[in-house]
Amino acid sequence: SINLRHFRYLSLSERFYMTCRAAYLSVFRSSLVNMTSKDQLCSVLQQAGRNPSQKALDKYWPPGTKKLNFDDFCEILKKEKAAEPDQLMKIFKKFDANCDGYISHDELSRILTSSGEKMSPKEVDEIFSLADVNKDGKLDYAEFCRLLESTVEQCQNAALEKLEADAKLKRQNFGNQMDNSPQSLEFQPERPASETQPRTEPETTQRKGMIQDSRSSSRPSSARSRRSSLSTAINMGAGSTKSGRLAEPKSLQDWHHTLMRGCFYLEEDGTIVSLQYRLIIPETTSVYLTIRPLNLSPIPDKPSPWMCVDSALYVVMGNETKEDSNLVCFTELRDKERFLWRGELNAGSYLLLPFTTGCRLMKRTRKTATKTAQLVNRTQSGELELTKEFQAALSDIFEVIDLDGSGLLSLEEYNFFEQRTSGEKCDEDAWAICKENFDTRKNELTRQGFLELNLMEANDREGDPRDLWLTLEAMGYNRSLEMVEACPFVIAVYCEDVKATLQAVHLDSGIKMLNSAVQRSITSKAEARSLKGHENVLVYTYKGESRISSVIANKSNQKLTVHINNEQSKNCVSSRGMSVFAVEVPARTKMVCQHVMALNEQQEWTYNCVETIIPSL
């Protein structure tokens, strides 16, 4: 059909989520309905062409689980790989005693009742009655595999056709795809700006910007949905990479300054994490803050591929264990790849929280590497050595974890690396052994010593590279030794009158504290507009130098599902990775909805978003 042909031309992510919805709606009337049993989970997975084992189902539905939602199903489906027909054929051939292409009832019964997840004889009889396609008492497993593959495809196509054909169903059932770390806060009255905002030079706020307000959806469906919609359109110019409103202080080279490195890491679930930093200002002073990606490329005309990743620095005051801290300021202005802030900070202790929207650092469909890089070789004498490619990757990792840029690794710096890659720490005794066996200077590990340490680990495992790959993958590398799921950055703090202290810290509450700061930065800068007919539902849309961000505030006492449609936007990419999605906003909370940036910054881009409340069922 035309719809199925169109399906093939969708992006991989759009295809995946459409497949998810189609499978889910084959079992439930809405993707807003929760699964309440392991059997229901099994059914929707089977509708998506998966054949989960009991062990897998037990993992996805551990004891105590009462319900899973559509988002949970999507995440499970990413992990549960579809059974390939060739793999199924290979399994059958192993049990084909006569090698004639058939398996008898007795052979099948012996296999299914004695190995793996054992079945009862009755269950075997039921399977055989369905699988004996020729009704001759034997299972023609090649024919059975073809039939199974065809049946799965027919079920999926039928579900997709149903989803495409029923416009109302499609519109109302997009599922509540939300961030894995919910960016929401319990609703609280806004603090006056004077309580949290420092004095800046000059005023950096741009509250509005070519915003067109309309109370109708780009896809009207009914009077009720039109009354519950809000449309926002913002036009952004091309090449918006330089502010022009905030000049670098002329005497900046005379200011006290300190630098600190770090890295954004993309987790398996799509969450982005990094270290946080403690900034201590001994007395009130003018401050100039910047953050930018760290270029590790040795070739001047070929910068590192992550240099296009956006970054920001949020400055907050508060207890390190308290998630809801006061937002002081953030680096909302831009000069090429640098994001910056200039103003005055009072004496005190601050937390610096690095941030990236995720628009340019997100999970991609993993392509099988054309060739897995070799990490170790054996010399003619039989000794192990690290390959040049692996040494180059380790040298870049050294640059990333050398937080102060001294060319040496302190125990503290090395432990941040250990926590990232193994979840453990190196104690003083173990560090003393390192200093005895590997190249050190000033009681710190040199780059050569770091290479020697990794060679020792390769020798400990007799050249088995599996643990080495675990380390590389934790640091954002793929099997071709390309850093594709990480973005190193460097923070610079300049103080006019005093020297500040900057130290890396790892906070358990870091992600939630950052989410709180991002949400507050948007609501303090943007104008709130309510959805018509829902005065308790507000949308804040912030227009920054290079991004647009939105927050949805639900002041009501009921959970709401808001459908987001960016299909009319041009030359844009959303941090959600989708142009159409929905979010669930709990009662009396605010939630960061999305961040949007230009796909091509050399061209104009248009943000056009329609928010619509999905009626409760």
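- Side-chain atoms of T290 and R292 include no donor-acceptor pair closer than 3.5 Å.
- Exactly one of Q594, K570, R547, M597 qualifies for a side chain to side chain contact (heavy atoms under 4.5 Å, CB included) with Y607. That residue is Q594.
- Annotation: side chain of L599 is not in contact with side chain of C572 (no heavy-atom distance under 4.5 Å).
- Looking at R360 and E337, no side-chain N of the basic residue comes within less than 4.0 Å of a carboxylate O on the acidic one, giving no salt bridge.
- Aromatic pair F450/F417: centroids less than 6.0 angstrom apart.
- Side-chain atoms of M260 and V490, non-hydrogen and from C-beta on, never get closer than 4.5 Å to each other.
- With a 4.5 Å cut-off on side-chain heavy atoms, F438 and M456 count as touching.
- The shortest distance between side-chain heavy atoms of L353 and V316 falls below 4.5 Å.
- A salt bridge links R338 with D335: the distance from a Lys NZ or Arg NE/NH1/NH2 to an Asp or Glu carboxylate oxygen falls below 4.0 Å.
- Ring-plane geometry between Y414 and W431 is classed as tilted, the angle between the planes lying from 30 to 60 degrees on a 0 to 90 degree scale.
- No hydrogens or angles considered: nothing links the side chains of T387 and N377 as a donor-acceptor pair under 3.5 Å.
- Between K435 and E444 there is no salt bridge, since no side-chain nitrogen of the basic residue lies less than 4.0 Å from a carboxylate oxygen of the acidic one.
- Between the side chains of N608 and S569, no donor-acceptor pair is found at a separation under 3.5 Å.
- A donor and an acceptor atom, one from each side chain of D58 and Q54, are located under 3.5 Å apart.
- Using a 4.5 Å heavy-atom cutoff, the side chains of F489 and P293 are not in contact.
- Between D404 and R261, none of the side-chain N atoms (NZ, or NE/NH1/NH2) sits under 4.0 Å from a carboxylate O, so this pair counts as no salt bridge.
- For R378, the CZ atom counts as densely surrounded, since its 6.0 Å shell holds more than 12 non-hydrogen atoms of other residues, nucleotides or ligands.
- Between H506 and Y277, the ring centre distance reaches or exceeds 6.0 Å.
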